[in-house]
Each structure stands twice: as C-alpha cells, then as structure tokens.
Amino acid sequence: MQRYGFFLYFQTFLHFFLYFCAVTLNKEPMNSDSRATFKSKIGIIMAAVGSAVGLGNIWRFPYEAGQNGGGAFLLVYLICVFVLGIPTLLAEMTLGRMAKTNSVRAFRRVTKHPIFERIGYLGVLSCLLILGFYTVVAGWTFQYMWESVSGGIMGLTTEQFTQSFVDFSTSPFQPIFWTVLMLVITHLIIIGGVQKGIERASKLMMPLLFVLLVVLCVNSLMLDGARDGLTFLFKPDFKAIDSSVILSAMGQAFFSLSLGAGVMITYASYFEEDINMPRTATTVALLDTSVALLAGVMIFPAVFTFGIEPTQGPNLVFITLPNIFAQLPLGGVWSFIFFLLLALASITSLISLHQVVTAYVEEEFKMSNRKAALVVTCLAAVLAVFASLSLGVMNDVRIGGMCLFDLLDYVTAKIMMPLGSLLLCVFMGWRLEKATLISELTNRHTLRWNMIKAFVIILKYIVPILVTMVFVNELGLFN
Ligand code: PHE
C-alpha cells in the first residue's frame, strides 16, 4: 500500500512535469505588433515565480535563518510575507499592468509629482546592485556542478568541504570566470525576448527544481540530526526576537519575493488584461515560501547531522550540501542535478533583475534591446568582479565594516528593497485614486474580491508604519 502511495505521488509529479514540458514545447508566435505579453496564464505565474524563487530561497533563507535563531526568524519571516509581502506584490503588479512600461516610467505615467515620479530609480539601482553579488553566488553553482562530475567534492570530511569552499570562493580567478559565464548566459536569454526566452525557460525549470527539492528533503528527514534540525527551524525562541532579527526577516521577505525593486512592475507590464491579480500574487508568494521552507527542511537536519555551525553565514549551503550528497549512492549525480537546477533557478531570477534595468535603459535612452542589454551586462560584470574579489584579495577594503559583497547584500535587502516597497505602497495607497485602484484590482469590476478594504488599509497604513518602525528601531532610536 505504501509503495502504491509513493507510486501515485511520483506519477502526479511526472504528469506535472510532462505537462510543463508540453506547454513549453508548444511554440506560439511572438506578439510583434504591440508590447510583448506573456502568452499563457501558467507562463505568467511561472515567470513571476521564476523571479521570486532563486538563491534567495535556497542560499539566503537558510543562512539568514541560521544566523538569526532559526524558529524565531521563520516566525517573523512568515508574518512579513503575509502582512507586508503579498500586499506589496499585488501593488507592484497593479501598477505594472496599468502603466505597461518600465518601472521608472510607470510611476511617471500614473502621477506627475516631483518626488513620487522618482521612486522607480531606486528599484533600477537596487536591481543593478543585486546583480553585482547575485551573479557571484550564481557562478559558484557552476563550480559545484563541475566538481560533481569531476569527483572533487566526494569523499571529503566536513572540514575539508569547508576548506575547499573557502579556498575556491576567495581565489581571484575561478569564481570570476563562472560569474562572467553566468552573466553571458543571462545576457543571451534577455536578447532572446520576453516570451521566447523568459517564459519558456521558467516554465521548464521551476517545476523540476521543486521536485528535486522534495526528494532531497525526504532524504534529509532520514538523517540522524533530523529532529534537532527541525526543532531549530520550527520552534521559535521568542526571546531571540530582537530588532536585528526583525530587520533580517523583513529584508529576506522582500528579497525573496523580489519586491521593491520594480521586478513585478516590469513583469506585470507584460500581463494580459484578464489576469486575476490577487490570485496570482497569492500563488506566487505561497510557492516562493514553500520553496524556502523546503530548503530549510533540506539544510538544517544535515547541518545538525554533520556538526556544521548554523551561524556560518553565506557559506552555509555550499558547505552543507556536499555533505548531503557525499552520503548518497550516486552522490555525484544528485549533486550535479541539484546544482544544475540551482543554477537555473538563479538564472530565472537574474533574468528578472537584468530585464528591469534593460527595459529602463532601452525605453528611456531609446536604444535597441541588444545595446541596452549589453550596457547592463557590462555594468553588472564590473560590479560582480569587484564583489567576487572582495571575498578574497580585496577583503581588506571595508565600507561600514563590510566588504563589497556583504555591503551590496545588506544595502539592497535590508534598506533599498524595504524602502522601495514602502514608497510604492504610499504611492499606490495615497497618490493613486481609490476608484482607479479598485477598478484595476477587479479587472474593471468583473472580478469579486472581498479583501479590497483590508488591502487598501494595509497599503495606506500597515506597510508604511511597520517598515518605518523597523527602520527606526534598527537605528536604535527607540531606546
Ligand atoms: N527573489 C530572488 C531570489 O529569491 C532575488 C531577486 C531579488 C530577484 C530582487 C529579483 C529582484 O533569489
């Protein structure tokens, strides 16, 4: 009976996967007459999920949770996703579909106001800065793919895994090589166009990653440290919740949902008019959160089994995962598939980051898509090279006590994205006419949605007040 159950489970996944392959291979003609749109509804969700799901869930979430007390962090994170994240996501989507343009011009199209019309620049800058460190980590996945096939990460002890990661990530050449390769791939997809490139890539990669994560979670749950790992992740120690845990959890929620950087404004500008946006926003957030939770369930049992410190920081996943693979039969194969999918998940996020800046450069400076993309790729490459070097040979160069890599991560996730989200919500709640907002959300009164009142209150009051309080508290002004 149990076997049969597993079979059904497997079959469902297989259908899921085959369905996506079928949709992906079903080539539809590109919309050439107007602004491009995503063709299928499932494609829209997958592209948005593709942007949201990435290193943020699998690399950043576990290490932030590990550094911020596990359960305490998770609790605050979930509250942030539901109270701040979903409404902000919906606000971004609404603005994007209304304005149908890049994330800078979107604000200008809806309002003429000297301050409000500048909010979009913050998002474009965030995306560029995120590209600077995100590509570096995305590049690491290539190294691990390579080592999986060459056998380099098999048969080592935990200390050796750790040492080999440190040696690699601080060396001047190898990481840069992979980083640049990652950027080149992203660049090629971007110039392939919205529908052909982004949509097709997302539809195939996302479901596959999900399936593999589930398999690896099942494996982790059978490890000796499973109980300790799950307790660490799911049992909140309320005393551990302080201002820095809250800031970290809030930053993670915005980072993971790609909020406050104009991504969803840009993507929603390609939406068709009949998309049910409240439902789409909720689905994207739920899928994104499930991937983060799966990553946690995959990582923490292993962390406790192999005696790794949960507070390791950005190294955590890259030290823990090889341990997991090393004790699996055919570990190299699993490892290769996993890092391949992680690379693909990073690419779908990189595409969205790149696309925000490219759409801006293309439309504002009247450049061709190719030229705009090239400008963005070059800028990102320069930043990424320095970010990578800042972990090794340039580690002494510190700004505010942080190396460039950490600084880019901190400034974007903990300051710029929450700030961008706050300004967006103020804009949508106070500046946009309420009738217009409601008409947009309900697809011109053809949809019913009984959360509208709550949504407006959240936009106008809750997000601005909460985010401001977290900032003020972090600055220590409450004491
Ligand atoms: N949300 C992405 C992730 O979790 C990262 C990202 C941030 C992408 C901001 C786009 C914009 O990996």
Side-chain angles (χ1 to χ4, degrees), residues 46-65 77 80-81 84-86 88-89 92-93 96 102-103 120 122-141 182 186 189-190 198 201-202 205-206 209-210 213 248-268 281 284-296 314 317 341-360 376 380 408-421 424:
M46 283 301 137
V49 173
S51 165
V53 173
L55 295 168
N57 310 60
I58 294 166
W59 161 71
R60 203 172 185 283
F61 172 80
Y63 99 65
E64 284 281 344
Y77 171 72
C80 289
V81 167
L84 307 177
I86 297 181
T88 310
L89 180 54
E92 280 207 18
M93 285 185 174
N102 65 68
S103 60
L122 184 65
V124 173
L125 184 62
S126 304
C127 285
L128 190 62
L129 298 183
I130 296 172
L131 273 175
F133 74 93
Y134 203 94
T135 27
V136 175
V137 184
W140 294 346
T141 61
M182 202 44 141
T186 309
I189 299 182
I190 291 283
I198 304 177
S202 311
M205 297 166 188
M206 288 298 116
L209 179 74
F210 205 79
L213 270 179
S248 301
M250 182 176 82
Q252 176 61 22
F254 287 120
F255 187 87
S256 191
L257 292 171
S258 310
L259 295 178
V263 168
M264 295 300 167
I265 299 176
T266 307
Y267 269 21
V284 171
L286 290 179
L287 285 174
D288 182 67
T289 309
S290 339
V291 175
L293 288 175
L294 285 176
V317 169
L341 290 176
L342 188 55
L344 298 178
S346 326
I347 292 179
T348 51
S349 300
L350 280 171
I351 293 170
S352 70
L353 289 161
H354 200 300
Q355 179 69 19
V356 169
V357 195
T358 304
Y360 163 70
V376 178
L408 291 175
D409 184 339
Y410 185 92
V411 167
T412 51
K414 295 189 183 166
I415 299 175
M416 295 175 71
M417 300 176 83
L419 185 64
S421 303
L424 171 92

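Side chains included, hydrogens not; waters and symmetry mates left out as well; all remaining heavy atoms used. Atoms within a ligand are numbered from 1 in the order they appear, just like the ligands themselves.
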Ligand-protein N/O pairs under 3.5 Å (ligand 1):
from, atom 1, to, atom 2, distance (Å)
ligand 1, 1 (N), Ser51, O, 3.3
ligand 1, 1 (N), Ala52, O, 3.0
ligand 1, 1 (N), Phe255, O, 2.8
ligand 1, 1 (N), Ser256, O, 3.0
ligand 1, 1 (N), Ser258, OG, 2.9
ligand 1, 4 (O), Ala52, O, 2.8
ligand 1, 4 (O), Gly56, N, 3.3
ligand 1, 4 (O), Asn57, OD1, 3.3
ligand 1, 12 (O), Leu55, N, 3.2
ligand 1, 12 (O), Gly56, N, 2.8
ligand 1, 12 (O), Tyr134, OH, 2.4

ask   = Taking the side chain from Ser256 and the backbone from Ala253, do they hold a donor-acceptor pair closer than 3.5 Å?
value = no
request  = Output the distance between atom OG1 (Thr135) and atom CE (Met182), rounded to the nearest 0.5 Å.
outcome  = 8.5 Å
request  = To the nearest 0.5 Å, tell me how far Thr348 OG1 sits from Leu353 CG.
outcome  = 10.0 Å
request  = Looking only at non-hydrogen atoms, find the nearest pair between Ile265 and Glu92 and report the distance.
outcome  = N-OE1, 3.4 Å
query = How long is the gap from OG on Ser103 to OH on Tyr267, to the nearest 0.5 Å?
reply = 12.5 Å
Indicate every side-chain donor-acceptor pair of residues 125-134 with a distance under 3.5 Å to a residue at least two apart or in another chain.
from, atom 1, to, atom 2, distance (Å)
Ser126, OG, Leu122, O, 2.9
Tyr134, OH, Leu55, N, 2.8
Tyr134, OH, Ser349, OG, 3.3

